[in-house]
Number of protein chains: 2
Amino acid sequence: MKTADPELMRAINRLNVLDTIRRHGPISRVEISERTQLSTTTVSAITASLLDDGLILPRHEGDIRNEAARGRPRVMLELNPDAARVVGAKIAANRLVFVVTDFRGDVLSNLTLPIRIDRQPIGVIADLVEDGVRRCVVDAGLSLEDVDTVCLGLPGVIEHRTGHIRSSPIFRDTNVDFASEMTSRLNTPTIVESDAHAITLAHHWFGKARDLEDMVVISLEQTLGLGVLHDNQLFRGAGGLSHNLGDLVLGMGPRGIVRLSSQAGESEILGEQPVGGRFAEAIRLGRGMTHAQALIRAEDSGLINAAIRAGEAVGVAIANIVTLFAPPRVIIVGSSLALGEPFLDSLRNAFALAIPPSLKGVAELVFDDSTDNFWAQGAAAVALYELYESPWNTTGPAL
Amino acid sequence: MKTADPELMRAINRLNVLDTIRRHGPISRVEISERTQLSTTTVSAITASLLDDGLILPRHEGDIRNEAARGRPRVMLELNPDAARVVGAKIAANRLVFVVTDFRGDVLSNLTLPIRIDRQPIGVIADLVEDGVRRCVVDAGLSLEDVDTVCLGLPGVIEHRTGHIRSSPIFRDTNVDFASEMTSRLNTPTIVESDAHAITLAHHWFGKARDLEDMVVISLEQTLGLGVLHDNQLFRGAGGLSHNLGDLVLGMGPRGIVRLSSQAGESEILGEQPVGGRFAEAIRLGRGMTHAQALIRAEDSGLINAAIRAGEAVGVAIANIVTLFAPPRVIIVGSSLALGEPFLDSLRNAFALAIPPSLKGVAELVFDDSTDNFWAQGAAAVALYELYESPWNTTGPAL
DNA sequence: ATGATTTAATCCGCATAAGGGAAAAAATTG
DNA sequence: CAATTTTTTCCCTTATGCGGATTAAATCAT
């Protein structure tokens, strides 16, 4: 356990204040004091230090609180966007998406590379990622030296703490030390995180879970991922492992173990389509879901059935997750949502059927079809989160 | 978030030292200093305060460290057993088990009441529990005034934070505020906890997970429960809810949803036996598993098949839990272990089959057939854990 | 036996933190 | 200019932890 000393104390309160400023936009000192329960004296001291470090900025204009504006107007404080720059990336089998954000998480530039990197050698993937990061940084009018941290979000089982990729559908090898590889290539601290964790933090910071301290995100992409927010923190398994929902076993069929991924994985849903023709080509190019959408609108019965089966499987899996974590909200994201009503309806029905009676009504299902940029922004948020904590170390004695 | 002030700092370090003393038996101040990374000065100050509060005791005898005994001998410190008394209880459908322990968690007296309380009105159950607590306390040569806290461990979905029982197989009603009820009856602070959480803490403190900070306990009794230790802490779902493993869905059979409880619940395994005769009577009296053991030894094919099916279902469920939490050790406890090799073998096989390849070897399965007393001791440990934290408030300025 | 050596525990002073209270400074309205 | 409200600034108290010096308690060597 880490030992508690005055420095830790200060770090905690500092983080607390900084996070309050991040969450509640431009905010005055008095209000910070109310929200954090810290005395105005302390808040004043901490904010002075944050201002001094250039992490926040004062804003004299925005003092328009309820007309009754007597007395000295409050000085609003907000994050200094220029305090840091980070790069967030979503690495998927058939596309690379990058964003550069400022300290607030606002996107400065973004770049999407619709290329299939799936099954390429590691060196090639690393090349492409490196290139994408560099391009996106230039697009933002910056140089790599201006970037503090890079965070790569990708599917699979990721060991965040060590930066190792235990297994991922986009790598042939297992246990790749991708964080070190990219850190040395970019000459910038680079961390690796599960894409599901990235989108989870994205929803906590910018999306549909800003008001919650507990929730769950189910990501339905090529890989089926899970992110759990517990007490405002990402819950990482023992050893910092990310979860892989697709590995969950749904039952023992006549042909042995049936895993969720075999019922609801993107390729499994699409793979049931007759081979050949434009559809196979589309799948190969990673446009499968777009075409699937069209086919479903055209009432293609084969695909609709596959979507219904997948929805059922996912619905049951979500019920199991809710049984274990009892979150007030479950946010479902990912490309498979494009399958539309047949999929969503069967998911909802299966969930309603599978949720234990005693937990009925505990969790609310929310569907979210955010863009790839949002995922990348989540990865950027992961990077920012680490930066937020780093002042813990650098904080010297107050001047 | 709670605000960090010197008091919190002290509380953290105090708890840290106290916990170190609890875990590492009689221990000297220097060693505490090494283990906690606190300076010897600080350790000295904190231990002085703990001694002053009577929570720990010095032991001058036990200074026999490696022969090379030069210099001033170390004074060993240990928990003061008399610092507190707690009662822990395991409440099951067909038996009530109580223990009284001292501050160290050592059992002073225990009492088992083999009575069926299942489906009795709440008032009757409360009566019986109250009676058991009082008896056990008297057996320990104490009076209820000497008892600091009572902790009741029972199956079902328990909301530890509020003391409500959301649902339990031993209550007809749902959402019972049992903690308040018993607190006013006993006139002693009483808390309620899932029995699975109790046995989890028991293993962490006294049992087969003393060396781990992450692990999982699967409890197979009438109800199938789960306890997760994460970072040395009990992981409670959002809102402090306990998990109910039996509600997990294993698949969608032809007859609808198939839950784990319907495959591996105690009554479901035994229930497949032909009705009538001595066996039914045994089940009614809660001796089902004992008889089942005999039948299995006699190679009763019906029961063996039921055991195998149950083992498979549990094995798959455990694999799913490991997929989510990636614990280094899974401890499996509960009366169903009495089913013996047919059950255990099929469990192990199903687990091996269902565990995803990337997690193979991550988790070790350990079977533990500890007595009911151990469960009750775990409940006592839950009570003690709360006491450990309470000095946070009562701790005044160091004198 | 007696002093030297070694290790443990404590004491003292210093650094930091937070908090409260009060007063001063700042900015705005009436 | 007076009134009002926010923010900063002192000053003082309480609390922690740490480092270095000091005391304490035992063994070893002569």
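Hydrogens, waters and symmetry mates play no part in the numbers below; they use all other heavy atoms, side chains included. Per chain, numbering begins at 1; letters A, B, ... match sequence-line order.
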> Charged N to carboxylate O below 4.0 Å: is that the case for A/D53 and A/R14?
Replying inline: yes
> Just wondering, do B/F374 and B/H203 contact through their side chains at under 4.5 Å, heavy atoms?
Replying inline: yes
> Separation of A/R14 atom CZ from C/dA18 atom C1', in whole Å?
Replying inline: 16 Å
Output a table of nitrogen or oxygen pairs between the protein and nucleotides 9-13 of chain D separated by less than 3.5 Å.
none

> Is there a donor-acceptor contact under 3.5 Å from the side chain of B/T36 to the main chain of B/E34?
Replying inline: no
> Which residue, A/S39 or A/M9, contacts DNA chain C at a nucleotide closer to its 5' end, judged by nearest heavy atom?
Replying inline: A/M9
>> Counting only side-chain heavy atoms from C-beta out, which of C/dA18, D/dC18, D/dT8 sits nearest to A/R29?
In response: D/dT8
>> Expressed as a whole number of angstroms, how long is the span from A/L51:CG to D/dT7:P?
In response: 12 Å
> Can you tell me how far C1' of C/dG19 sits from CD1 of A/I46, to the nearest Å?
Replying inline: 12 Å
>> What is the distance, to the nearest angstrom, from the CE atom on B/M76 to the P atom on D/dA26?
In response: 15 Å
> Can you check whether A/N13 has a side-chain N or O nearer than 4.0 Å to OP1 or OP2 of C/dA17?
Replying inline: no
> Separation of A/I32 atom CD1 from D/dT6 atom P, in whole Å?
Replying inline: 14 Å
>> Between A/D211 and A/R329 (salt bridge meaning N to carboxylate O under 4.0 Å), is one present in this structure?
In response: yes
>> Please report whether the ring centroid of B/F325 lies less than 6.0 Å from that of B/H230.
In response: no
> Should B/E145 and B/R85 count as an ion pair when the cut-off is N to O under 4.0 Å?
Replying inline: no
> OP1 or OP2 of D/dT16 sitting under 4.0 Å from any side-chain N/O of B/R10?
Replying inline: yes
>> Expressed as a whole number of angstroms, how long is the span from B/I27:CD1 to C/dA8:C1'?
In response: 14 Å
>> I'd like to know if A/E193 pairs up with A/R236 as an ion pair, taking the criterion as any Lys NZ or Arg NE/NH1/NH2 lying under 4.0 Å from an Asp or Glu carboxylate oxygen.
In response: yes
> Could you state the CD1-C1' distance from A/I12 to D/dT16, rounded to the nearest angstrom?
Replying inline: 13 Å
> Atom CD of B/E31 and atom P of C/dT7: how far apart are they, to the nearest Å?
Replying inline: 16 Å
